Every structure is written in C-alpha cells, then in structure tokens.
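All values reported here derive from a predicted model rather than from experimental measurement. Chain naming here is simple, since letters A, B, ... match the order of the sequence lines and numbering starts at 1 in each.
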Protein chains: 2
Amino acid sequence: MSHAAVPHIDIAQALRRLPLFTEITDEQLRMLVGATHERDLARGEILFQQGDPPKGFYYVIRGQIKLAFASRQGNEKVVEVLGPSQSFGEAVLFMNRNYPVFAEALADSQLLLIDRGVVFTLIEEDPHFARSLLAGMAIRLHGMVRDVEAYSLNSGAQRVVSYLMSLGDTHSPGASLPCTRPPADPITVTLPVSKHVLASRLNLVPETLSRIFHDLTERGLINVHGSEITLTDVAGLRELGD
Amino acid sequence: MSHAAVPHIDIAQALRRLPLFTEITDEQLRMLVGATHERDLARGEILFQQGDPPKGFYYVIRGQIKLAFASRQGNEKVVEVLGPSQSFGEAVLFMNRNYPVFAEALADSQLLLIDRGVVFTLIEEDPHFARSLLAGMAIRLHGMVRDVEAYSLNSGAQRVVSYLMSLGDTHSPGASLPCTRPPADPITVTLPVSKHVLASRLNLVPETLSRIFHDLTERGLINVHGSEITLTDVAGLRELGD
DNA sequence: ATTCCGGATTGACTCTCGTCAAGGAAGCGG
DNA sequence: CCGCTTCCTTGACGAGAGTCAATCCGGAAT
C-alpha cells in the first residue's frame, strides 16, 4: 500500500486511445468497458502460464511484458517483448487451444484484459473491427515469418546488427516518414530490455551476445556503455547485416 | 496439349468444398466465382516471387506448393509445404506489404486464386466469414510459433522425431478422434516431400537429415526404405522427441 | 542392359555457438 | 565502507550441425 501510487485508469479513455478501438461507436465502447478489466503486475509476476486457457486478450498500458516458452530442461526462449499500447493474445482466442507461451512482467506493468466474449460480439456487428483485428494478426504473423527467416538464414552477429539497426530506424528520425535510412552516422540507441532477455529474443545465450558486442566494438562499428549503444559506422553495419 | 488431361474445374463446386466457404450464401458464392481464377502450374514453376505484390489468396486444389525464402548467398529455407484444400497468402492481403516468401510448385498443381477485393467485400457483409478467416490465420500463427519453439529449443533429431510422430498421428488412426496417441507400435508413414525439402523445412541440410535417419535406424527406432518410414518403437521415439 | 541423372548417402573437416566455470562491475541496503 | 545480489563479461572447452567432395542408388530414357 505504501508503494508508489498506482493510479487506476479511466478504462474508457484508455480503450479509445488504442489502435483497435479508435473507430468504434460510443455504444460499443460502453459495452467494451463492461467487458474490460484492469490488471496490475509487479516486475517478475506471471500473467499466464504456458497451457492456461485464454480469458481474453491483453493491452499493455504501462510497463513491459515478455512472451516466452520454456522446455522442461529449463531452457527458455523469449518470443516477443511488448510495450505500451501493444496488444497480445488475440490469436489464441480463435482456436480451441491454450496459450503456447507464458507471459511475465519485465517491469511493474498495467494491463487491460478484454474478455473474449465481447471480441466475438464486436466482430458480429462491426466489420471494421474485424478488419483491424485481421490486420493486427497479419502483422504479427509477418513478424514471426521474419523471425524464422532471421533464425534460419542469418548468423548471430547478423541478427544482432539487424536488431540494432531497427532500433536506430524507429528511434532517431521521424519514425513515420516514408523516407527510411538517412545515413546519419553516429546514432545512439538504448536497449529496451536487459541483455539477458535480448539474447534470448535473438536466439542466443548471453555469453554469445556479449562476445558479439565485443567483436563489433573491436571492429569499430559500435560503442557499448551499459544499455546505451552508439552505432558509429552505420554503413559498415548495414553491409554486415545484409 | 498432348499431356495428361488437365480437367478444368467447376469453380463453384470447388469453392463450396473449401473450409472457408462452406457456409456462405448462394449469392455470395456467385460473387466469389466471379472473382476466382484457376491457376495451373507445372512442377518447378514459380507462382510468385519474394517481393511480389499480392493479388489475392490461393487455394490448393491439386498438387503441392512450397513457400520459402532465399538469401542472396543462395541458401533457401522452406517455411511451409501446402497440399490440397489448404490455403495460403491471406495474411499479406491485410498489410501494405509484398510477399515475404516465394511460392513454387513441387508437383504439377491446380490452384484457385481468390481476388483480394472480394475478400474485403465478404468481410463487410458476413461476420461468419470474418471469423473463419481469423481462425485460419490464428492457426497459421500458432504453427509459426510452434516452429520457432522447435527451432529454438529442440535439436535436429528431436525436430525430425516430432515430424515423424505428427505424420503418424494424422495418418493412421481416425484423425479426428479426441483420443490422440494410441501407442500402436509399428506405424509406417510416407514422407509427402523429398528429403531435400523436408530437411529445409526442419532447418537442416540434407546431409544432416540423412545422418539423423541413419542414427535413428541404428538405435532400432525406425526403418527407412526410400520415402517409406516405419516407426518401430514409438515409445522410444516419444521419449526422445519429448 | 546400359547410360545418365538427380537425389541421397557417407566421410573428413570446420566452425559457429553453447556449456561450464570463474571472475568483474554496478547498484543497494545496512 | 562492506557485503550482497544481479547482471554482465571473459576464458577454455566441446558438441552439434554445416561444408565440401566423393560415391552410391534407383528410376527413366535409349
């Protein structure tokens, strides 16, 4: 109770801000509010386990959620890390399956849980909502395909470089400009997750990630200070990442 | 012209048989027929290239289609192999992207191309169709997640065993029974693709796949005769595949 | 049968990356 | 300032899987 204030949220307003719900009617919004619950997690808390049945899908309001699976040998593989205004768990609602991954808070987090029932109702009465949902799942699927491509065709170093470049792209310039790739050389990015988690996300062990950073540094391509990484030679990185 | 007869297809009937369209109205079916084109491919022909803009989505009527990406170093990774009454290419319709993979016929094939426009029309007017589409994409996404899990957490041999077991499951008993895993021991399965393609699908090179088969044979778990593989010790395989 | 050819197999070698174990470095509470 | 934890780094080593090259096998055409 004595923790930092956990300001509860105006659910209606929060929902309105979310990409999926920008265009629904006020009446639909009321229905949605009735079917939405706030969920607060402390860092390290588990939201759901691999194998749990889905109750709905989630929106991240604040904090950071990691999706991962674990083998019984104790190995763990991070599939995705989600931040504010990103959603997850929609797809599993449309199958008679349980979660193939577990979800854990990487930081104190605030989520919205949208009940599965209301999703189906909205699909019935609002084709635009259905289209948005389809678009979201398509993007997610595309992301997985890209990941598979990277795991299969690229080396560890290449995956790291690609990741750094993608951080550079979205961070520094106006991210919405159609003109990507201004070759402005010295870009500094901040890793949004610990190196341990990043390594797993990139299908590496922390030791290997560390060595790759070391190697890239020696070649004069990057500089690492904690989670701040400066890309000193973007051209060189690009031809490596390919 | 002198080839084996390529019997053209009653598109309406064919569409009716497909999972996505079992419940649409007759009027919708007429519209669909008007927006559907037959496409015939010879073995080895390319349906679309990585980077092509999508015209619609495809249904396999006859034959076999492989989806894969290629790196400029010439490496190739098979993402999926699709057979009759399976569809592909829906997801990319909902993004402003081009195909992330290319599609090639592994055998002489007959496809239906459903124009993208009619898909959006159907979503507008038929929530049930939208739901089916979502379900299909969810299944595909789930499949990709499973693949990533396998690539990340399992060894090559484990992936091979899992694949063989999945072939055994769907083939031999009534596939729709809720009771999976009857431990009936000597099951013979037929590889639906060449070992070269299978290897790539499992993220292996052909040599490694060959060695894995050899090793499993030596341990008395399977017998290999060409593309016929007999699972002689399902229990042993299961504890390996885990 | 004989030849040819693509796919499959085998062997020898290499290399990337994971494993195991031992340090650092940075933050935090006492 | 000290000890503690947590995260990261570094080193030595090994195992799994890829590469290259030679060979084998089976089916199709001649």
Residues which pass side chain to side chain donor-acceptor pair (under 3.5 Å) with A/R97, listed by chain and number, not counting sequence neighbours | B/H142
Looking only at atom types and distance, does a side-chain atom of A/N98 sit under 3.5 Å from a main-chain N or O of A/G51, one as donor and one as acceptor?
-> yes
Rounded to whole Å, CD of B/E228 lies from P of C/dA8 at a distance of 14 Å
Mind calculating the distance between CG (A/L209) and P (C/dT16) to the nearest angstrom?
-> 17 Å
Whole-Å distance between D/dG11 C1' and A/H214 NE2?
-> 11 Å
Rounded to whole angstroms, how far apart are NE2 on B/H225 and P on C/dA8?
-> 17 Å
Can you check each nucleotide of nucleotides 15-29 of chain D against protein heavy atoms at under 4.0 Å and return B for base, S for sugar-phosphate only, - for none, in 5' to 3' order?
-> --SSBBB--------
For the pair made of CG in B/L106 and C1' in C/dG6, what is the distance, rounded to whole Å?
-> 15 Å
Distances under 3.5 Å between protein N/O atoms and the N/O atoms of nucleotides 24-26 of chain C, please, pair by pair.
none

Does any donor atom in the side chain of B/S227 or B/T190 lie under 3.5 Å from an acceptor atom in the other side chain?
-> no
Would you find more than 12 non-hydrogen atoms of other residues, nucleotides or ligands less than 6.0 Å from A/D10 atom CG?
-> yes
Whole angstrom value for the distance that separates C1' of D/dT10 from CD of A/E218 | 12 Å
With a 6.0 Å cut-off on ring centres, are A/Y99 and A/F48 close enough?
-> yes
More than 12 heavy atoms of other residues, nucleotides or ligands under 6.0 Å from NZ of A/K77: is that the case?
-> yes
Ion pair present between A/R140 and A/E80, side-chain N to carboxylate O less than 4.0 angstrom?
-> no
Got a sec, which residues hit ring-ring contact (aromatic ring centres under 6.0 Å, His included) with A/F69, two or more places apart in sequence or on another chain?
-> none
All N/O pairs under 3.5 Å across the protein-nucleotides 5-8 of chain D interface:
from: D/dC8; atom 1: OP1; to: A/K195; atom 2: N; distance (Å): 3.0
from: D/dC8; atom 1: OP2; to: A/H196; atom 2: N; distance (Å): 3.2

Hey, are B/N203 and A/S152 close enough side-chain-wise for a donor-acceptor pair under 3.5 Å?
-> yes
With sequence neighbours excluded, residues passing ring-ring contact (aromatic ring centres under 6.0 Å, His included) with A/F88 | A/Y58
